[in-house]
Every structure is written in C-alpha cells, then in structure tokens.
Amino acid sequence: MRYLNVASIVGAAAIAISISAAPALAQDVKGPRYGGTLISVLPDDPPSLCSCVSNSFLARMVSPQILEGLLDYEQDLSPKPLLAESWTVSPDAKTITFKLRKDVKFHDGKPMTADDVVFSANEVWAKHLADARARMTAAGMAMEKIDDYTVALKMKEPYVYAINYLSSHFGPVVPKHLYAGTDILKNPANMKPVGTGPFKFAEYLKGSHIALDRNPDYWRKDAQGRKLPYLDRVVMRIMPDATARMLAMTKKDVDYQNYPAFPADQALKLKEQGFSVGAEPIAGIARISRVIVNQRRPHLGKPEVRKALLHAINREEILQKVGYGYGKVSIGPLHQLNPPYKDTINHDVPKYPYDPALANKMLDDAGFKRGADGNRFSITYVLSRGNVQDGSMAELMRDYFKAVGVTLEIEKVDDPTRLARAAKREFDLMSWGPIISGPTPDGLREHWDSKLKDVAQAFSNSGGTDNKKLDELLQKATVTADVKERNAIWKAWQKEMQDNVHEWYIFDVMIVSVWNPDFVGLPQKVWGHYDPHTFIWWKKGKPA
C-alpha cells in the first residue's frame with residue numbers, strides 16, 4: 001500500500017560512523033520544503049502507541065511523534081528546552097523547577113498546563129512505566145505544581161541523572177483530562193494518543209500500518225521562524241517478515257528502515273541500489289545485544305551454570321555472522337563504543353571467552369551430567385518474531401549449546417506475547433532485541449533492582465536478579481556528585497555483574513539504518529529511532 005509519495009527515515013546516532021555517503025543530487029535542492037509522506041517500517045505491532053505505559057522499543061518508535069516531554073537534548077545529551085522553556089536546580093540538588101511554555105495545546109485543542117505534567121509524572125510514569133518507576137522510587141521523586149505553568153521535580157535525595165530522563169520517549173506528557181479517573185493501562189488514548197507533538201494520530205490498522213498527520217497547530221518553529229514539521233504525513237508499515245521488508249524497499253514502497261537489529265546484509269544490498277546507509281552506536285540509547293537469563297530456574301539460578309553456558313557461546317562469530325561486524329564483543333553491561341562511557345567502562349572484568357571444553361567441564365562439575373541421550377537439560381528461548389538478528393543469534397546458540405549437551409528450544413512470538421511471557425516469567429532465556437545501556441549507566445535499573453523481581457511487569461527485573469551488593473552500588477552511584485568517585489562505583493558495579501553473570505552480553509551494537517536520499521535531515525543524532533521526524537523534509541516538496 002502506498003500513501004502519497006516517497007519519504008525517508010528517522011534515527012541514527014550520537015556518533016555517526018557512515019558506511020556510505022548519500023548519492024550526488026541530480027540538482028541542487030534548496031530547503032527545507034513542505035509536503036511529502038515518510039514511509040518507514042515497524043518490525044511488529046506495538047503493544048501501545050504511547051510510551052507512557054510501555055517500555056517496548058516499538059511503542060517508543062511511535063510515541064515521540066505524537067507526545068512530547070519536558071526536555072529535548074543536544075548531541076552530547078545536554079538538555080535543552082521543549083515543553084519546559086527553562087529550569088533551575090536548587091542548591092541541595094533535590095529540586096528541579098521547570099517553567100512551562102504557555103502556548104502549547106494538545107491535539108484536541110485543550111491547553112497543556114502544570115496539571116498535565118504532574119499527573120503524567122505521578123500517576124502514569126511512576127505507577128505504570130517500569131523504568132520510570134525504578135528511578136522515581138529509588139530517589140523518592142514526585143512532581144509538584146507551583147502554579148499553572150510551573151512544576152517542581154522534588155527528590156528525597158539527589159539523583160544525578162534526573163535531568164536525563166525527561167525526553168519525549170522516557171517522559172511523555174499526556175492529557176490529564178483524558179486519563180484522570182480511568183484505568184490507565186486500558187485507556188483508549190494509549191492506542192489513539194492525543195499529544196502536543198508535531199504529528200497527530202490518524203489511524204492504526206493492526207498488522208498493516210500506523211498513519212500520523214501533520215499537526216497544523218504545532219507550537220514549535222525552526223531557527224528561521226518557519227512552522228514545523230515539514231512533512232505532511234508519516235506512515236509506519238508493520239512488517240514482521242524480513243523478506244517482505246526488503247522487497248518493499250527495493251520497490252520504493254518504503255523509504256526508511258531503522259530499528260534495533262536491522263540486518264546489515266540487507267543494508268549493504270540496498271546501498272548498491274542507491275539508498276543511503278549508516279551505522280551508529282547512538283549515545284542516547286547505546287544498545288547491547290543481550291540475553292535475559294531467568295535465574296528463578298533451578299539450573300539457571302546457579303552462577304556456575306550461567307558462566308559455563310556463556311563460555312559455550314561464540315560471541316565473535318555471532319558478531320560477524322549476525323551483526324556483520326558492526327559492533328564489538330561485549331565485556332559487560334555498558335557499551336564500549338559509546339563516547340559518554342569512555343571513563344566509565346571497566347575493562348578489568350571476567351570476559352568469558354568461547355571455550356566449549358571448559359563449558360563442558362563446568363557443567364559436569366556443577367552436577368549436570370549428560371544423560372544416555374547425551375543431553376544434560378533443555379531450556380526455552382523466547383524472542384520477538386520481528387527481530388531477524390535475535391532469530392539468527394538463537395539458531396547459532398542452539399548449535400553451541402548442543403555441543404555441550406544442552407538442548408535449546410526457540411519460540412518466536414509477537415511482541416505483546418513476548419512482553420506477557422516476560423511479565424509472567426514464562427521463559428528460560430529471552431531476547432528483547434538489542435537493549436539500551438544509555439543514556440546513563442543506570443538506564444536499565446529496573447532490570448536488576450532486587451525490589452522489583454516480584455513485580456509482574458515485563459521489564460521489572462524479569463531475570464530475577466537478587467543481589468544486595470548490586471542494589472547498594474546502583475543507589476550509591478546515582479547520588480554521588482563527584483564524577484571520578486562515581487565512575488569508580490560504576491566500575492565496581494560492572495565487576496559484580498560480570499562476576500555473577502546475571503545476564504549474557506553478546507555484542508555492543510552499531511544501529512544500521514537505510515533511507516531514500518530524497519529526504520534531508522537523516523540520520524538523526526540524539527535518540528536515533530526514538531527521535532521525532534520534526535525536522536525531516538522531502539526534496540520534492542514545496543519551498544518553505
């Protein structure tokens with residue numbers, strides 16, 4: 001299905017490592033220009049179109065087009081105004097006071113005020129969004145109204161990273177008048193969002209597409225005072241099948257593909273057909289291909305078994321065959337290629353190199369001898385059907401584990417089912433695609449916080465990590481103001497993670513994206529595939 005004309009892309013990087021330049025233009029096109037439709041890809045149906053209630057990367061690829069946060073960010077992740085036009089920090093660092101814009105309206109015409117911000121933070125993020133709840137609970141955070149256009153984020157103790165999590169995908173402001181007094185998780189606005197962003201929800205046909213129209217009343221203007229956004233429409237086609245995605249792009253039915261684990265082999269083929277290709281670590285996200293290990297299982301609950309199975313995995317081969325070399329074999333929970341982590345990475349941690357002979361011995365020593373059929377035990381690996389890289393990685397792992405007497409059964413499911421299985425803890429191993437390790441080292445605090453291991457939500461410590469030393473290090477690092485001291489704490493935290501192998505870190509990912517060079521403004525630089533398409537423009541549009 002084709003909707004208007006060509007268009008291209010969303011995100012990429014905080015550090016852009018281009019593997020091709022855009023083809024030379026047939027003519028010099030002055031810009032920006034208005035008009036055109038951007039057609040991109042979602043690899044599956046999202047569980048929600050509002051990231052206010054879902055940590056899913058699919059929700060976060062859609063939501064920022066429609067809903068906005070208090071802050072935007074520069075390429076170095078320093079904050080800049082969005083719905084908040086200014087802010088001040090108290091001398092004790094326990095209060096951040098935000099002055100809100102007074103010219104912002106929701107898509108239904110209602111004004112955005114402090115009441116919406118306070119409600120979003122206290123009643124939505126803190127209660128229904130796993131990563132926000134982990135941060136807000138740990139620091140004793142709450143949002144308070146000062147007046148109609150002033151709010152204060154108050155903390156019982158300073159949280160050094162509080163300012164980093166007020167973006168449009170981490171902290172979207174929702175309309176209180178549509179959510180108050182309702183079941184937040186079942187509110188119809190989760191699937192038909194009403195926000196303040198550059199695009200308005202138009203339609204969602206499950207299994208087909210999500211369509212968003214230009215918000216003609218958007219409050220934001222570009223540096224020359226021109227109204228934003230430039231595009232007329234954004235269409236996200238839902239395409240779980242990798243072959244269908246590739247075919248759609250070669251036929252020019254799709255202009256842009258960018259999401260975690262986009263297969264690099266397809267990108268290189270598309271480059272030969274004139275598309276632009278980029279590969280970036282993306283500092284705001286810094287994704288790592290990792291496997292969640294359910295430590296509640298009797299065998300996987302033993303650190304020596306988790307270590308043995310990690311020794312059985314040839315991660316360098318996975319990087320080359322699955323990631324096509326775009327990345328680096330992981331040494332822990334932080335992305336080695338991410339410049340903001342340059343002084344934070346601990347290189348002096350156990351690395352668990354590929355060693356099947358050692359893996360066999362360790363499994364024997366742990367008491368899991370081979371049976372008459374040569375098998376020690378079986379484990380089930382649950383992953384998203386739309387993630388080609390995870391599927392290829394799982395198939396390689398099946399062979400690696402077979403060599404050490406472990407049977408790996410692979411289950412590919414749609415994303416809502418995967419999230420439900422995670423919440424119910426119905427898995428042995430699980431992949432969520434490459435998972436963020438940014439914008440701060442505690443970005444995935446909810447994955448490891450012991451207090452959340454019994455909370456029945458997908459991202460609330462699904463692996464069942466119960467390590468009080470980790471909890472103490474996490475807490476101490478997030479309240480320590482001195483950078484050098486804080487980095488030392490994070491290094492101790494990384495060593496504790498690797499000493500116990502609470503998760504398997506496979507490789508640090510370079511996000512590969514492909515786009516039609518008829519569009520300008522790509523790749524985007526801060527959050528990559530979570531960035532709104534506000535500044536993208538089509539070369540065949542009308543001059544602004």
Side-chain angles (χ1 to χ4, degrees), residues 55 69-71 73 76-79 84 87-98 118 121-122 125-127 129-144 151-167 170-171 283-286 332-335 338-346 349 436-453 455 459-461 465-500 502:
N55 289 84
L70 292 177
L71 300 177
Y73 296 82
D76 64 358
L77 301 183
S78 59
W87 59 93
T88 56
V89 181
S90 64
D92 64 2
K94 293 183 180 180
T95 301
I96 307 175
T97 303
F98 297 92
V118 171
N122 297 341
W125 313 342
K127 294 182 179 180
L129 195 56
D131 57 0
R133 181 177 62 245
R135 286 187 293 274
M136 295 181 77
T137 300
M141 279 193 235
M143 194 77 76
E144 294 185 10
V151 297
L153 182 61
K154 296 193 173 183
M155 297 164 268
K156 291 182 179 178
E157 56 184 329
Y159 173 49
V160 297
Y161 300 123
I163 204 77
N164 295 90
Y165 289 94
L166 297 170
S167 64
F170 277 127
I285 298 175
L334 298 183
H335 200 299
N338 193 20
Y341 291 158
K342 177 174 63 71
D343 298 321
T344 310
I345 299 291
N346 187 350
V349 295
I436 66 168
S437 71
T440 64
D442 72 326
L444 286 182
R445 181 175 188 143
E446 78 277 14
H447 280 225
W448 315 299
D449 193 326
S450 299
K451 295 189 296 295
L452 300 179
K453 66 184 177 66
V455 176
F459 294 91
S460 295
N461 197 347
T465 297
D466 191 358
N467 185 321
K468 301 307 179 189
K469 184 175 180 180
L470 278 181
D471 293 341
E472 292 170 4
L473 290 168
L474 274 168
Q475 179 63 15
K476 188 176 180 182
T478 57
V479 300
T480 300
D482 183 81
V483 174
K484 187 174 181 179
E485 183 182 350
R486 188 163 72 237
N487 282 339
I489 298 169
W490 283 126
K491 289 180 179 180
W493 169 77
Q494 292 165 71
K495 188 172 188 306
E496 184 68 16
M497 290 289 286
Q498 285 297 91
D499 282 347
N500 292 279
H502 289 298

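These values consider heavy atoms only, across backbone and side chains, with no hydrogens, waters or symmetry-generated copies.
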Name the one of His447, Lys453, Lys451 that satisfies side chain to side chain donor-acceptor pair (under 3.5 Å) with Asp449?
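Going through His447, Lys453, Lys451 one by one, the side chain to side chain donor-acceptor pair (under 3.5 Å) with Asp449 is satisfied by Lys451 alone.
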Give, for atom [atom1] of [X] and atom [atom2] of [Y], the distance between the pair rounded to the nearest 0.5 Å.
X      : Y      : atom1 : atom2 : result
Tyr159 : Leu153 : OH    : CG    : 11.0 Å
Ser437 : Asn338 : OG    : CG    : 6.0 Å
Leu70  : Phe98  : CG    : CZ    : 5.5 Å
Ser78  : Asn164 : OG    : CG    : 10.0 Å
Asp442 : Thr440 : CG    : OG1   : 3.5 Å

Ion pair Asp482/Lys484, N-O distance below 4.0 Å
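A salt bridge is absent here (no side-chain N lies under 4.0 Å from a carboxylate O).
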Would you check if [X] and [Y] make a side-chain contact, meaning some heavy-atom pair closer than 4.5 Å?
X      : Y      : answer
Thr88  : Ile96  : no
Leu470 : His502 : yes
Arg133 : Ser460 : yes
Leu129 : Asn55  : yes

Hey, does the side chain of [X] reach the backbone of [Y] with a donor-acceptor pair shorter than 3.5 angstrom?
X      : Y      : result
Thr465 : Asn461 : no
Thr137 : Ala134 : no
Gln494 : Thr344 : yes
Arg445 : Arg135 : no

side-chain hydrogen bond (donor to acceptor under 3.5 Å, both in side chains) between Glu496 and Asn500: does it pass, once the steps are laid out?
CA-CA 6 Å; Glu496 184 68 16; Asn500 292 279; 3.1 Å; yes
Can you name the nearest heavy-atom pair linking Ala162 to Met155, along with the distance?
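Taking every non-hydrogen atom into account, CB-SD, 4.1 Å.
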Passes side-chain hydrogen bond (donor to acceptor under 3.5 Å, both in side chains), Asp343 versus Asn487? Steps please.
CA-CA 7 Å; Asp343 298 321; Asn487 282 339; 5.1 Å; no
